[in-house]
A.B. asks: 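Dropping the structure in here first, questions after.
All residue numbers refer to positions in the sequence shown, counting from 1.
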Amino acid sequence: MMCLIPFFFIHQNFAIWIALFLSLTNLIPYVGPYIGGIPVVIYEFFMNQQLGYASLIVIMVLQYLESSYLQPYLFSKGIHLHPIYLIIALTFFGDLFGIIGMIFSPLLLSYVIFLVELLRNLRIGDDIKRIMHYEND
């Protein structure tokens, strides 16, 4: 929705499709807006140079607002993860599963953190140490 309104006002014929494309690529944390924004700006420059400049400005302003205000607020309220963990997860799951891994990296990181805390709370490590010590005797 944030992408649709500015592209509609700069009289873009494909505003809905561009907004949908930018929204889908924006699901990838940190690098998604660049993955989506670069092809849109290049396309706009080929169609009309003024639309290209307008698209570049719109994407830069939207990316600034989203990365500076909206994304930190949502991450802190929603999944309680430090941004450095998310960058590491983005790299790791992106290497393992490609674009799909990058899109689902916050979710996968949340699952990994949940499993680690669950194992810590169940004291599985203490049970393993006790079993290992029992077998050595």
A.B. asks: I need the single residue from L122, V116, L118 that forms a side-chain contact (heavy atoms from CB on, under 4.5 Å) with R120. Which is it?
C.D. replies: V116
A.B. asks: Is there a side-chain contact between E44 and I18 in this structure, where contact means two heavy atoms from C-beta onward sitting under 4.5 Å apart?
C.D. replies: yes
A.B. asks: For the hydrophobic clusters of this structure (ILVMFWY residues joined by side-chain heavy atoms under 4.5 Å, transitively), does one cluster hold both L24 and F14?
C.D. replies: yes
A.B. asks: Under 4.5 Å between side-chain heavy atoms, hopping through other hydrophobics if needed: is there a path connecting L107 to L86?
C.D. replies: yes
A.B. asks: Just by modelled atom types, is the L22 backbone N or O under 3.5 Å from a matching donor or acceptor in the T25 side chain?
C.D. replies: yes
A.B. asks: Of all residues at least two apart in sequence or in a different chain, which pass the ring-ring contact (aromatic ring centres under 6.0 Å, His included) check with F45?
C.D. replies: Y53
A.B. asks: Have a look at F21 and tell me which of I35, V40, N26, I16 forms a side-chain contact (heavy atoms from CB on, under 4.5 Å) with it.
C.D. replies: V40
A.B. asks: For a quick test of reading the model, state the closest non-hydrogen atom pair linking I59 to V41 and the distance between them.
C.D. replies: CD1-CG2, 3.8 Å
A.B. asks: If we only count heavy atoms from C-beta on, is the P6 to L62 side-chain gap below 4.5 Å?
C.D. replies: yes
A.B. asks: For residues Y43 and L20: do they belong to one hydrophobic cluster (side chain heavy atoms under 4.5 Å, members Ile, Leu, Val, Met, Phe, Trp, Tyr)?
C.D. replies: yes
A.B. asks: Pairs under 3.5 angstrom only: tabulate donor-acceptor contacts from the side chains of residues 87-105 to other protein residues two or more places apart or in another chain.
C.D. replies:
unit_1	atom_1	unit_2	atom_2	d
T91	OG1	I87	O	3.0
S105	OG	M102	O	3.0

